[in-house]
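Structure record follows, encoded as C-alpha cells.
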Amino acid sequence: MENIFYEGKFYSDISELIDDLELEETINDEPDDWTIICKESNLQKIITLSEDWINDKINDERLPEDEDRVFDKLSKALKTIDYDKVNALMPELYYESRRKFVITKKDILDYLA
C-alpha cells in the first residue's frame, strides 16, 4: 500500500503509517476485528496555470477605475506565456481521493511478518 491518506495525513507507504501510529508496538493489543479506514490518493499537478487562473487571483478591490486598461495590459502580458510548457514542468503531488479502503489488524501483522 503506497501513497495513502489516513485522517487527512499523507503517508507514502504503509510503513510510515505503522511508524506514525506506533502500531508495531501496539497492534497485538488490539482486538482481532480492529480496522482503520484510509483513503486512496491521486497524483495531480500542484496547479494548472492558465490565463483564467491568474485572473482569478487578482484582488478586485485594488483595481483602479480604468480597470479595462489594466486588464488589456495584463492580457497582452499573459498571452506571452507558453502555458503548455509551464504546465508540463509543473511538479505533481498526491491529493486525497474520495475512494476509501480498510486496513485490518491482519494486514498490519502480515506486513510486519
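Index from 1, following the sequence. From a predicted model like this one, the values you see are computed outputs, not experimental measurements.
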Lys106, NZ atom: more than 12 neighbouring heavy atoms under 6.0 Å = no
Interatomic spacing from CD in Glu16 to CD in Glu2 - rounded to 0.5 Å | 10.5 Å
Do Ile27 and Leu109 have side-chain heavy atoms sitting under 4.5 Å apart?
-> yes
Could you walk me through whether Asn87 and Lys45 pass the side-chain contact (heavy atoms from CB on, under 4.5 Å) test, one step at a time?
-> CA-CA 8 Å; Asn87 288 325; Lys45 299 285 186 179; 5.7 Å; no
Does atom CG of Asp110 have more than 12 heavy-atom neighbours from other groups under 6.0 Å away?
-> yes
Ion pair Lys79/Glu51, N-O distance below 4.0 Å = yes
Supply the atom-to-atom distance Asp19 CG to Glu25 CD, rounded to the nearest 0.5 angstrom.
-> 8.0 Å
Taking side chain as C-beta onward, heavy atoms only, is Leu74 less than 4.5 Å from Ile58?
-> yes
Is there a side-chain contact between Phe10 and Ile4, using heavy atoms and a 4.5 Å cut-off?
-> no
May I ask you to decide if Glu96's main-chain N or O and Ser41's side chain share a donor-acceptor pair within less than 3.5 Å?
-> no
Residues Tyr95 and Asn42: side-chain donor-acceptor under 3.5 angstrom = no
Any side-chain heavy atom of Leu23 within less than 4.5 Å of one from Tyr111?
-> no
Residue pair Val102 / Asp107, side-chain heavy-atom distance below 4.5 Å | no
Under the side-chain contact (heavy atoms from CB on, under 4.5 Å) rule, what do Ile36 and Cys38 come out as? Steps first, then yes or no, please.
-> CA-CA 6 Å; Ile36 57 173; Cys38 295; 4.0 Å; yes
Using a strict cut-off of less than 4.0 Å between a Lys/Arg side-chain nitrogen and an Asp/Glu carboxylate oxygen, indicate whether Lys105 and Glu30 qualify as a salt bridge.
-> no
Between atom CZ of Arg98 and atom NZ of Lys39, what is the distance when rounded to the nearest 0.5 Å?
-> 8.5 Å
Are the charged groups of Asp72 and Arg69 less than 4.0 angstrom apart, N to O?
-> no
Donor-acceptor contact present, side-chain Tyr83 to main-chain Leu78, <3.5 Å | yes
Pair Asp13, Ser15: side-chain N/O donor-acceptor within cut-off below 3.5 Å = yes
Any side-chain heavy-atom pair of Met90 and Thr48 under 4.5 Å | no
Mind checking whether Phe101 and Ile37 have side chains closer than 4.5 Å, heavy atoms only?
-> no
How about Glu22 and Thr26: does a side-chain donor come under 3.5 Å of a side-chain acceptor?
-> no
Ile47 and Trp53: CA distance, side-chain angles, deciding distance, side-chain contact (heavy atoms from CB on, under 4.5 Å) verdict = CA-CA 9 Å; Ile47 61 167; Trp53 187 88; 3.9 Å; yes
May I ask you to check whether Phe5 and Tyr11 place their ring centers less than 6.0 Å from one another?
-> no
Heavy-atom side-chain contact between Thr35 and Ile103 under 4.5 Å = no
